[in-house]
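First the structure, in the form of structure tokens, and then the observations on it.
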Amino acid sequence: METNYETIVIGGGVVGSGIAYHLSERYKEGVLVLDKKYPMSGTSGSTQAWVWVHNKTPSWYAEFSMYSAELYPYLSKKIGDVEYKRTGGLSPFFNESDREKAQKLAESYRKIGIKIKVLSREEVLEKEPYMNPEVAGATYSSIDGNVNPFRLIDMYMRAAKRNGVRYSAYNKVTEIKKQDGTYLVVSDKGAFKCKNLILAGGTWSREIGDMLGVKIPVNQLRGQILVSEPLKPFLNFTISGLRQANNGEVLMGYSMEEAGFNRATTLDVIQETANMAVRYVPGLRKAKIVRAFSGIRAMPEDGFPILGKVPGHESLYVAATHSGVTLSPLIGTLITELITEGETSIPIERYSLSRFG
Amino acid sequence: MKTDVLIIGGGPAGLSAAIETASRGLDVTIVDEASKLGGQLNQQTQEMRPLPSVYEPMRGFELANKLIEQIKDFNVRPLLKHRVVGFYADGSAGITDEENVFPIKAKKIIVASGAAEKAVAFPKWTMPGIMTIGAAQILINRDFVLPGREAVIVGSSDFAMETAMQLMAVGTRVKAIIEKQSEASAKEQEKVSELLRNGIPFYFNSFIKEARGNGQVEQIDIEMPDEVITLNVDLICMDGGRMPILDVFYQLGCSFGFQEELGGWVPQYSNTFQTDREDVFIAGNAAGISTQGALLLTGMIAGISVSEELQTISPAEANEMREALWKELGLLEYKEVYSGRVKHLENFTSPVLKDQFIS
Amino acid sequence: MDKTTIICRCEEISCEEVEEVISNGGRTFDDVKRITRCGMGPCQAKICTSMVAEIIHQQTGLSPSEIPLPRMRMPLSPIKLETLGTNSTSFSAVKSVLDEVEIEEGKVR
């Protein structure tokens with residue numbers, strides 16, 4: 001197997017594979033993606049996969065997310081059907097007292113050009129007839145949507161491989177050394193050299209950063225999700241907390257627990273999630289749950305993406321974030337720009353690793 | 001709900017464990033999804049032998065009734081048509097009666113979840129009329145339904161041989177036994193001889209090449225070493241072997257070993273039938289696929305160990321009884337299974353699969 | 001095994017589809033599951049687990065003990081949401097996206 005590459009990407013999840021694909025479109029030099037297991041063994045394979053913009057705060061982060069959401073239709077044309085649906089997003093509230101908060105949110109978004117409406121109870125029910133009639137209102141944005149994460153990463157990989165990207169799975173990186181302007185990446189199956197090194201290790205970003213003496217402060221936050229049997233299509237929108245997939249399954253869940261790397265589920269959270277689902281959409285009562293899974297979010301310490309060059313290191317890049325599914329087309333584009341042109345089309349300084357000191 | 005001992009699975013092993021614990025004064029709750037205790041024994045009409053010395057040889061359903069009789073005298077709460085949904089963060093079991101899910105907090109849990117059958121795949125095996133040998137037995141003995149009129153059996157274990165005989169007894173014509181190895185895998189030659197005496201051909205080194213039919217199986221091609229033959233059948237009973245049912249153990253975070261002779265992946269346990277989770281014990285087919293007599297013994301050992309843990313018998317008494325039961329197990333069980341079990345115990349501190357939820 | 005043989009009867013995944021994942025570097029049941037949906041149906045891999053393990057063994061030479069079990073999950077068998085739920089409307093770990101929006105000095109943070 002070839003051991004010298006122009007660029008190596010550590011991590012083949014939605015961020016790593018997204019970068020590898022976008023890079024391979026512009027860049028004919030050798031690219032290798034290393035994954036300690038097979039892509040999707042981590043967060044990317046255990047997500048609801050919303051492409052979510054509205055409710056993200058502050059507004060510059062919402063704007064960033066919006067740019068990424070806008071890239072999805074073109075991405076689908078290029079890599080194939082990833083079941084991306086721009087359904088529009090609804091974030092319901094059940095207390096009239098929350099309306100004020102919703103309106104302030106809509107106002108702050110208006111300033112950056114993202115249209116959010118605050119809906120009345122009747123308007124919500126008109127859009128989503130199966131919503132609980134006790135709902136007080138909701139914020140609504142037409143940009144939100146969802147995607148099939150498995151198709152997304154499978155298509156990224158296939159397209160990247162067609163462009164000549166090599167993937168090496170079940171190949172954990174154990175050591176990284178710097179040697180005269182190149183990186184020596186030592187892994188289970190051998191050592192590889194590269195000029196550019198991209199760290200896209202998701203929840204394991206800290207561990208990978210440590211190999212270079214770089215602090216990448218990414219924490220873990222568990223979320224549990226319920227999956228129903230396939231149901232006839234009845235949910236029109238992506239509702240914060242629930243969405244219906246192309247094959248009719250409804251995914252439910254929006255929980256947060258500090259559980260380190262433990263991907264167990266607990267009946268406590270499963271029952272809470274069932275309560276939430278049935279509260280939002282009472283019609284779901286008779287639907288059966290076939291599975292409850294959990295995923296670990298890669299949560300940077302301040303909640304915002306960590307992107308860009310690693311300060312103080314030549315040709316070293318980092319991309320670690322939660323909401324990787326929403327941001328992957330944009331991250332792939334920006335990192336590619338950084339590597340091929342040395343600068344990005346939109347400023348990403350505020351996402352730099354340097355903000356952590 | 002609180003209980004001393006929660007037994008998951010009310011089959012032969014679970015019932016034996018219930019007798020050993022409840023007879024010593026413990027409050028015992030059995031959860032079983034069926035409407036009757038006894039598990040697979042209820043649909044077994046063949047005679048069970050050898051059984052532990054405390055039992056006379058008897059037919060499966062008779063043994064079930066005998067075990068159920070025994071627990072009536074003690075403080076056993078059978079929750080029938082209840083199943084385990086999962087576990088709470090504090091270790092309680094989430095049980096449902098199909099109306100609600102409620103927690104059961106037990107001091108000790110004995111998991112006797114039993115065995116699952118494995119399928120044999122061939123083109124069109126998913127058509128109606130194609131089922132496992134266990135399924136055929138359930139249809140005949142529990143539901144009184146004739147599974148088919150013209151059958152073939154794929155596989156030749158003791159269980160497959162018994163199923164063939166049961167099919168014949170209810171009037172199904174068994175046209176062939178198809179075995180991929182060069183000889184029957186049944187340990188008791190007598191069963192093979194009986195079928196041969198009844199004119200049933202055994203095709204060795206053979207397998208089903210394809211099944212065909214319109215909405216259900218009607219015809220199969222059997223690939224044999226020298227030729228391919230075609231038979232008209234409306235029933236295929238396949239024996240892909242059996243394996244322990246692991247999901248409860250998996251959710252509880254138990255670790256696993258791999259032992260071919262026991263049916264593949266088996267939760268780790270020590271000679272007391274305690275798993276590597278302190279409060280979780282194991283019994284029955286879940287601890288390794290074996291014969292009925294052996295299943296009863298494993299249930300008894302688990303029950304005695306739990307009684308010891310909950311201090312209703314002394315360690316000395318428990319050790320004495322365990323020793324005798326293990327000795328009986330060694331005599332009762334097939335040699336390969338027993339030696340597989342011993343090897344499995346030896347690997348207790350080095351499981352093959354553990355920390356299954358840690359990313 | 002004939003390539004067209006169905007392995008996952010719930011999602012109708014053939015032997016050939018399973019083999020393709022392994023040829024592309026996948027090695028475990030869960031890798032096969034994520035790419036093909038094998039094991040995502042109502043039986044949650046109860047029927048196809050051993051068949052997929054056999055295919056992986058044939059294709060990679062890995063011994064059965066080197067092929068890990070698929071990740072098993074709750075509920076142990078399908079259950080209705082109304083049975084699972086407790087009708088409580090108070091939540092601790094479960095959130096709403098709007099909950100995350102913080103208001104400071106009359107403006108969104």
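For clarity, every value in this text was computed on a predicted model and none was experimentally measured. The sequence lines fix the lettering, A, B, ..., with proteins before strands; numbering per chain opens at 1.
Interface remark: B/F122 contributes backbone atoms only to the contact with chain C (heavy atom separation under 4.5 Å). Only the side chain of B/Q251 comes within contact range of chain C, judged by heavy atoms closer than 4.5 Å. Neither the backbone nor the side chain of B/A116 comes within contact range of chain C; no heavy atoms are under 4.5 Å apart. Neither the backbone nor the side chain of B/I245 comes within contact range of chain C; no heavy atoms are under 4.5 Å apart. The part of B/T96 that comes within reach of chain C is its side chain, from C-beta onward, which places non-hydrogen atoms under 4.5 angstrom from that chain. Using a 4.5 Å cut-off between heavy atoms, B/V84 contacts chain C through both its backbone and its side chain. Proximity to chain B (any heavy atom under 4.5 Å) is restricted, for C/I67, to the backbone atoms N, CA, C and O.
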Requested in this report: Dump the intermediate steps for ring-ring contact (aromatic ring centres under 6.0 Å, His included) on B/F258 and B/W265, then the final yes or no.
Outcome: CA-CA 4 Å; B/F258 191 91; B/W265 292 100; 5.1 Å; yes

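Ranked by heavy-atom pairs under 4.5 Å with chain B, the first of C/S65, C/G85, C/P75 is C/S65. Among the candidates C/M51, C/K3, C/R71, C/E12, the residue making the largest number of heavy-atom pairs closer than 4.5 Å to chain B is C/R71. Looking only at heavy-atom pairs under 4.5 Å with chain B, the residue among C/L76, C/D2, C/I7, C/T86 that has the most is C/L76. Counting heavy-atom pairs closer than 4.5 Å to chain B, the top-ranked of the candidates C/M1, C/E66, C/R73 is C/R73. Your options are C/I79, C/I47, C/L69, C/L84, and the one with the most heavy-atom pairs under 4.5 Å with chain B is C/L69.
Nearest heavy-atom pair across B/P351 and B/Q268 is CB-CG, 3.7 Å.
Environment of CG in B/D90: crowded, with over 12 heavy atoms of neighbouring residues, nucleotides or ligands closer than 6.0 Å. For B/K105, the NZ atom is densely surrounded, since the number of other residues' heavy atoms within 6.0 Å is greater than 12. Surrounding NZ of C/K46 are more than 12 heavy atoms belonging to other residues, nucleotides or ligands, all under 6.0 Å away. At most 12 non-hydrogen atoms from other residues, nucleotides or ligands lie less than 6.0 angstrom from NZ of B/K180. For B/E33, the CD atom sits in a loose shell: 12 or fewer heavy atoms of surrounding residues, nucleotides or ligands are nearer than 6.0 Å.
Checking side-chain atoms of B/E179 against main-chain N and O of B/S156 turns up a donor-acceptor pair under 3.5 Å.
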